[in-house]
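Reminder, nothing fancy here: chain letters follow the sequence lines and each chain counts from 1.
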Number of protein chains: 2
Amino acid sequence: MLSSDFVTGPVRAPTLADVASAAGVSLSTASHAFSGTKPVSTATRERVLAAAASLGWTGPNPLARNLRRGRSGVVGIAVGQLSTAFRDPAALAMLDAVSEELDAAGLGLLLMPDDEQVGVPLDAVIYDICGRETWGAYDELVARDVPLVVVEGPAWPGATHIDIDHRTGAAALARHLHDLGHRRVATLTLEASHPQREREAGLREVFTDVDVIGPSASDVATAQEAVGLWWDAGHAATAVVCQSDVQAAGVVVEARRRGLDVPGDVSIAGFDGVDLPWLDVELTTVVQPLGEKGRAAARAVLARIDGEHTEDVVLPVHLRVGGSTGPAPTP
Amino acid sequence: MLSSDFVTGPVRAPTLADVASAAGVSLSTASHAFSGTKPVSTATRERVLAAAASLGWTGPNPLARNLRRGRSGVVGIAVGQLSTAFRDPAALAMLDAVSEELDAAGLGLLLMPDDEQVGVPLDAVIYDICGRETWGAYDELVARDVPLVVVEGPAWPGATHIDIDHRTGAAALARHLHDLGHRRVATLTLEASHPQREREAGLREVFTDVDVIGPSASDVATAQEAVGLWWDAGHAATAVVCQSDVQAAGVVVEARRRGLDVPGDVSIAGFDGVDLPWLDVELTTVVQPLGEKGRAAARAVLARIDGEHTEDVVLPVHLRVGGSTGPAPTP
DNA sequence: CGTTTCGATCGAAACGTTTCGATGCTATCG
DNA sequence: CGATAGCATCGAAACGTTTCGATCGAAACG
């Protein structure tokens, strides 16, 4: 132990300064040789590269680089409880798009727990509402001047907002059901939140007396339970409008469990337009551009990191009619 | 513009040095007042806190702190394509446990894309195999001396390994099927990988001539397609053993689509022990401790960050018999 | 009363980069 | 041939902390 310490000396990772002196150049020249910020003669660069290789220098220490640059290269994303949020393929699809777009820009994506404040330096934060209303970290992030991108959220000062046209989508769906003759319509809701309010308003444009079920999480089991309780209480409707395809799937499962035919006895509609291969009926749903939503959020992040001005984005949605809705049953 | 610059001066975020001089103390005392590293008199501390508040100092710059401390407070987790990996609730359950455990330790969790190397400083990396064999970033991380924790992976030098007892679990499942009279058994496989090989070996302890289907991803649709092709090709078995519950669900759906009764005509078994509320049959499966696996990985990370020695972990699994397996049909 | 110990404070040295400005030096141009 | 560029290189100043070691009293001890 002593002898090995004596032989190898103190084990300190080599720094750029070590590389520079091994190559016989100044620190700044060595830096330029790697970053390419300023021109360096080929001979010098090769000498520096060789020195780096022989010392086992693995590239500039990111910690030091970050301090100097004033950036961490990390973007936070807050989605609430992970296992809850990502159980819905819609959230996953968006995350995927965000991740891809940020990767391409050389940024990392950090999962932020909702409640706690991370001691991690973040260049920006994406807040995906996922049915929540408030956010503990908001004030602190604003105080720290961290660029904020809010997805499907309420208007928060200082944030860039990426949203979809909940209201129009819900209204289109409502009209579709109305055209099919439905008059008694219920809606399975999410926790009170911006998307929930907007969609409900859209529904009420057509069905002013829509019956409200829930709230339920965007989750098969919870949806099943919520709608089950509602039916158990003696309520009924010829159509149930859900706030996600996953919820709708839960309602389909529960309806069938009770011997109801879909859409013969009850029409069921979803929201999002995700792929649920295990469900043997194609849901009538409001399709939202999940990938585009994620990319828009990522682009907003990049722009705000660069100090550019950003506009809020509202993405269009469209109705996709599947086999889960049909003519209202004749009484 | 000029006048405003003149009035407000250049807008620079206040630093601890500003706070210190505003409070009339030295930089180091100000630091101690916040971190509590050394005792500071109450009067002084309050003066410092007041100065910080009045200047709007939001706490130590994490970038600088990180450089000084030599830590970033960020742990990477590599799971492959996000939308693929997290489509399986098993992966999600583990991620959730990891996240919770790391949060408690004040560490952030960064999603690492498989292929690219991030320029982000990572204190450690968790690599969750998820059916892959190789890893582009491995060499670089080893060179950088980043602590590595591999979940369900092959033996990689320098890494701490967290695994489950695939083989024993698969063998127990095989014995269960054998006891039920099954002799012609097929298995739906994942991509060649450490878990796949181990589990197959476990199966072969009982069924030496097990028929191999796939490989397929851990995904309802892909599993459905793979087993569908296999059946189409004229193959048959009285039991199909899958590598995940999600796969098993896909096989159940496909079997029924073909008019096969489960488990009357074919028994179907899964792996993982996750909750699939939409499936109306409880799967016979090998239950693995997903939360514990995540926590073990997180604990290994914490230990290795602290430079402690870590032992590899192999977690036990157990068979859970559900309604998806039954006696082999009499020919 | 001299010596130790301890609490509070300070100055200065890291941490390892990137980048600004300056300095030669060699071509190029008129 | 003198002035002007432009290239290659260098030294030094940041970036904003944390922490090591020293200093200076005052309290505690024998």
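Atom CZ of A/R69 and atom P of C/dC15 are 21 Å apart (whole Å). If you take CZ of B/R45 and P of C/dT9, they are 9 Å apart, rounded to a whole angstrom. In this structure, the CZ atom of B/R71 is 14 Å from the C1' atom of D/dT18, given to the nearest Å. Rounded to whole angstrom, the span from the CG atom of B/D123 across to the C1' atom of C/dC15 amounts to 15 Å. Following rounding to the nearest Å, A/N61 (CG) and C/dA14 (P) show an atom-to-atom distance of 17 Å. Rounded to whole Å, atom P of C/dA8 lies 12 Å from atom NE2 of B/H32. When the P atom of C/dA14 is taken as reference, atom CG of A/L63 falls 19 Å away, rounded to whole Å. One can place CZ of B/R144 at 14 Å from C1' of C/dG16, the figure rounded to the nearest angstrom.
A/L27 comes within 4.0 angstrom of a nucleotide base, judged by non-hydrogen atoms across all strands. Using a 4.0 Å heavy-atom cutoff across all strands shown, A/T15 reaches sugar-phosphate atoms only and no base atom. Here B/S35 lies out of heavy-atom contact (under 4.0 Å) with every strand. When heavy atoms are screened at a 4.0 angstrom cut-off, A/S41 is found touching the sugar-phosphate backbone but no base atom.
The residue among A/T37 and A/A13 whose nearest nucleotide of DNA chain C lies closer to the 5′ end is A/A13. For the pair B/L67 and B/P39, nearest-nucleotide mapping onto DNA chain C gives the more 5' position to B/P39.
Distances shown here put a side-chain N or O of A/T29 below 4.0 Å from the OP1 or OP2 atom of D/dC10. Between A/S31 and C/dT17 there is no side-chain polar atom (N or O) within less than 4.0 angstrom of OP1 or OP2. In this model, the phosphate group of D/dC10 is approached by a side-chain N or O of A/S26 to a distance below 4.0 Å at OP1 or OP2.
The distance from the CD atom of A/E292 to the CZ atom of A/R295 is 5.0 Å, given to the nearest 0.5 Å. Here the CG atom belonging to B/D123 is positioned 11.0 Å from the CG atom belonging to B/L110, to the nearest 0.5 angstrom.
With hydrogens and angles left out, the side chain of B/K38 and the base of D/dG21 share a donor-acceptor pair within 3.5 Å.
In this structure, the nucleotide among C/dG11, D/dT18, D/dC10 sitting nearest to the side chain of B/R65 is D/dT18. Relative to the side chain of A/R68, the nucleotides D/dC20, D/dT18, C/dT19 differ in distance, and C/dT19 lies closest. With C/dA22, D/dG16, C/dT17 as the choices, the nucleotide that has an atom nearest any side-chain atom of A/A64 turns out to be C/dT17. Out of D/dG11, D/dT17, C/dT9, the shortest distance to the side chain of B/P60 is found at D/dT17.
Pair check for D/dG30 finds C/dC1; Watson-Crick or G-U wobble, both atom distances under 3.5 Å.
A donor-acceptor pair under 3.5 Å links the side-chain atoms of B/S193 to the main chain of B/E191, judged by distance alone. Side-chain atoms of A/S99 never come within 3.5 Å of backbone atoms of A/L95 as a donor-acceptor pair (strictly under, hydrogens ignored). No donor-acceptor pair closer than 3.5 Å links the side chain of B/D163 to the backbone N or O of B/V314. Judged purely by atom type and a 3.5 angstrom limit, A/H194 has no side-chain atom pairing as donor or acceptor with the backbone of A/A155.
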